[in-house]
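For reference, the structure is listed below as structure tokens.
Below, each value reflects all heavy atoms present in this structure, side chains not excepted, and no hydrogens, waters or symmetry copies.
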Amino acid sequence: MTETALRQDNTHATDLPARDERVETLLGSILRNRFLPEPNPDSVFVGDGDFRAVGVEFLGHFIRLAGLRPESRVLDIGCGIGRMAVPLTQYLDFEKGRYSGIDPVEGGIAWCRRFITPAYQNFAFQRVDIAHELYNPSGKISGNALKLPYADGHFDFVIMTSIVTHLPPDEVLVYLREVGRLLKPGGRLFMTAFVVDDVAAANESGRRDARLSFARDGEGPCWYVPEMPRLAAVGFDEGFLDGALERAGLKINLKSLGAWRGVSAEHYQDIFVAERRGSGP
């Protein structure tokens with residue numbers, strides 16, 4: 001079964017954009033660049049896999065699937081210890097492009113400020129003390145009352161990789177409302193998720209990632225892994241995130257389902273690319 005990519009103006013399965021040779025050359029050069037900063041593996045507190053390779057893979061997705069441009073103003077929500085930021089230093093224009101990363105974990109922000117910002121002064125990192133039962137249990141800001149410290153319409157591009165996979169549904173709505181506020185008209189959100197559709201729920205092939213043995217929580221829309229802490233991995237009913245994006249004033253340009261469900265795909269998690277409408281949410 002091939003990857004499903006659904007576009008707003010075409011409800012049939014479509015192919016993802018062809019790979020651009022210039023983009024592939026850039027990504028290869030970043031992978032080989034031994035001068036780029038890289039944290040000690042023991043200090044990478046979110047995400048598995050090779051730090052550099054995963055970041056480079058996502059940079060390719062940002063450019064190819066979501067149209068990220070070198071002059072963009074980028075907000076990375078949940079930037080962690082710079083997995084997305086490091087490759088972006090080689091793509092965003094030093095004079096015109098801007099990057100802002102936020103995270104509740106002080107250690108990751110401190111590393112990024114020490115090893116990224118001095119060489120790339122268009123990259124800024126800020127700790128926002130958002131409460132999260134796994135990553136920041138003593139945080140002072142409730143996810144239900146989130147108000148990010150940026151002006152309306154300030155960003156061209158927002159990144160939310162592996163964020164809604166760790167949030168309850170009420171907080172997802174708040175985060176997406178903030179994204180709708182912060183994006184310029186025409187600005188884009190790149191978001192990853194676990195959408196528990198019929199294929200993922202049934203696992204008829206037996207090839208779904210064994211770590212993600214999701215069980216539906218009551219009437220939904222959440223799916224949790226019973227043997228793990230509730231927010232360690234969160235899936236959502238098919239359609240929930242689509243509706244949440246719509247409520248936030250964001251039109252889905254691309255919905256591409258990932259390999260975690262046991263199908264062939266170019267990426268692991270599910271990907272949404274959504275665009276801010278011309279008027280307010």
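- A chain of hydrophobic side-chain contacts below 4.5 Å, direct or via other Ile, Leu, Val, Met, Phe, Trp or Tyr residues, connects V174 to I130.
- Between atom CG of residue L257 and atom CG of residue D270 there is a gap of 5.0 Å, rounded to the nearest 0.5 Å.
- No option in L148, L250, L75 other than L75 meets the side-chain contact (heavy atoms from CB on, under 4.5 Å) test with V158.
- Ionic pairing of E246 and R277 is present here: one or more N-O contacts between side-chain nitrogen and carboxylate oxygen are shorter than 4.0 angstrom.
- Side-chain atoms of T25 come within 3.5 Å of backbone N or O of E21 as a donor-acceptor pair.
- Rounded to the nearest 0.5 Å, atoms CE (M191) and CD (Q269) are 10.5 Å apart.
- With 3.5 Å as the limit, one finds no donor-acceptor pair spanning the side chains of S256 and E266.
- F62 pairs by the ring pair (Phe, Tyr, Trp, His ring centres under 6.0 Å) definition with F157, F190, not counting sequence neighbours.
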V225 vs R211, side-chain contact (heavy atoms from CB on, under 4.5 Å): CA-CA, chis, key distance, verdict = CA-CA 8 Å; V225 180; R211 298 171 298 178; over 6 Å; no
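- A 4.5 Å side-chain heavy-atom check between L241 and I252 finds every atom pair outside the cut-off.
- Rounding to the nearest 0.5 angstrom, the gap separating the CD1 atom in I77 from the CE atom in M84 is 13.5 Å.
- In this view, D197 and R261 satisfy the side-chain hydrogen bond (donor to acceptor under 3.5 Å, both in side chains) rule, not counting sequence neighbours.
- For F58, the ring pair (Phe, Tyr, Trp, His ring centres under 6.0 Å) criterion is met by H61, not counting sequence neighbours.
- The shortest side-chain heavy-atom distance between V74 and L92 falls under the 4.5 Å cut-off.
- For T117 (side chain) and F123 (main-chain N/O), a donor-acceptor pair under 3.5 Å exists by modelled atom type.
- Side-chain atoms of D217 never come within 3.5 Å of backbone atoms of C222 as a donor-acceptor pair (strictly under, hydrogens ignored).
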Quick one: do L27 and L31 satisfy side-chain contact (heavy atoms from CB on, under 4.5 Å)? Show the steps, please.
-> CA-CA 6 Å; L27 301 181; L31 276 175; 5.8 Å; no
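- In this structure the side chain of L254 never reaches within 4.5 angstrom of the side chain of F272, judged on heavy atoms.
- In this structure, the separation between OG on S162 and CZ on R83 is 8.5 Å, given to the nearest 0.5 Å.
- No more than 12 heavy atoms of other residues, nucleotides or ligands shown are found within 6.0 angstrom of CG on D198.
- A heavy-atom distance below 4.5 Å is not found between the side chains of E171 and V164.
- Counting non-hydrogen atoms of other residues, nucleotides and ligands closer than 6.0 Å to CZ of R216 gives a total above 12.
- The side-chain hydrogen bond (donor to acceptor under 3.5 Å, both in side chains) test applied to R34 returns no partner, not counting sequence neighbours.
- Applying the side-chain hydrogen bond (donor to acceptor under 3.5 Å, both in side chains) criterion to R52, with sequence neighbours excluded, gives E38.
- Not a single donor-acceptor pair under 3.5 Å links the side chain of R177 to the backbone N or O of A248.
- L167 places none of its side-chain heavy atoms less than 4.5 Å from the side chain of V234.
- Judged by distance alone, the side chain of R32 and the main-chain N or O of G28 form a donor-acceptor pair under 3.5 Å.
- At least one donor-acceptor pair under 3.5 Å links the side chain of R98 to the backbone N or O of E95.
- Between I102 and Y150 the shortest side-chain heavy-atom distance falls below 4.5 Å.
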I would like to know whether L176 and M160 meet side-chain contact (heavy atoms from CB on, under 4.5 Å); could you show each step before the answer?
-> CA-CA 10 Å; L176 293 182; M160 289 180 66; 4.1 Å; yes
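- Side chain of D103 to backbone of I109: no donor-acceptor contact under 3.5 angstrom is found.
- In terms of hydrophobic clustering, with Ile, Leu, Val, Met, Phe, Trp and Tyr side chains grouped at heavy-atom distances under 4.5 Å, V105 and I141 are assigned to a common cluster.
- Not a single side chain to side chain contact (heavy atoms under 4.5 Å, CB included) links A119 to another residue, sequence neighbours left out.
- E57 pairs by the salt bridge (Lys or Arg N to Asp or Glu O under 4.0 Å) definition with nothing, not counting sequence neighbours.
- In this structure, F94 stands alone, with no Ile, Leu, Val, Met, Phe, Trp or Tyr side-chain heavy atom under 4.5 Å from its own, directly or through other members.
- Using a 4.5 Å heavy-atom cutoff, the side chains of V195 and F240 are not in contact.
- Electrostatic pairing of R64 and D20 does not count as a salt bridge here, judged by no charged N lying under 4.0 Å from a carboxylate O.
- Applying the ring pair (Phe, Tyr, Trp, His ring centres under 6.0 Å) rule to F125 yields the partners Y99; only residues at least two apart in sequence or on another chain are considered.
- Ion pairing between D93 and R69 fails under the 4.0 Å rule for side-chain N and carboxylate O.
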Verdict with supporting geometry, V196 and F236, side-chain contact (heavy atoms from CB on, under 4.5 Å) = CA-CA 6 Å; V196 187; F236 290 100; over 6 Å; no
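- Residues passing the ring pair (Phe, Tyr, Trp, His ring centres under 6.0 Å) test with F115 are W111, sequence neighbours excluded.
- Partners of K184 according to the side-chain hydrogen bond (donor to acceptor under 3.5 Å, both in side chains) rule, which considers only residues two or more places apart in sequence or in another chain, are D156.
- Surrounding CD of E204 are at most 12 heavy atoms belonging to other residues, nucleotides or ligands under 6.0 Å away.
- Aromatic pair F194/F214: centroids less than 6.0 angstrom apart.
- Separation of atoms CG (L173) and CD (E178) is listed at 12.5 Å; rounding is to 0.5 Å.
- Remark: W223 CH2 to S213 OG distance equals 11.5 Å, nearest 0.5 Å.
- Within the structure, salt bridge (Lys or Arg N to Asp or Glu O under 4.0 Å) pairs that include any residue of residues 129-148 comprise R127-D129 (at least two apart or interchain).
- Considering only heavy atoms from C-beta on, I30 comes within 4.5 Å of V56 through its side chain.
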Could you please spell out the steps behind the side chain to side chain donor-acceptor pair (under 3.5 Å) verdict for D209 and Y268?
-> CA-CA 10 Å; D209 189 332; Y268 176 73; 2.3 Å; yes
Stepwise side chain to side chain donor-acceptor pair (under 3.5 Å) check, S100 with Q126 = CA-CA 8 Å; S100 299; Q126 181 174 350; over 6 Å; no
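- The existence of a salt bridge linking E238 and K255 is confirmed by a sub-4.0 Å separation between a basic side-chain nitrogen and an acidic carboxylate oxygen.
- Ion pair E275/R188 flagged as a salt bridge, since at least one NZ, NE, NH1 or NH2 atom sits closer than 4.0 Å to an Asp/Glu carboxylate oxygen.
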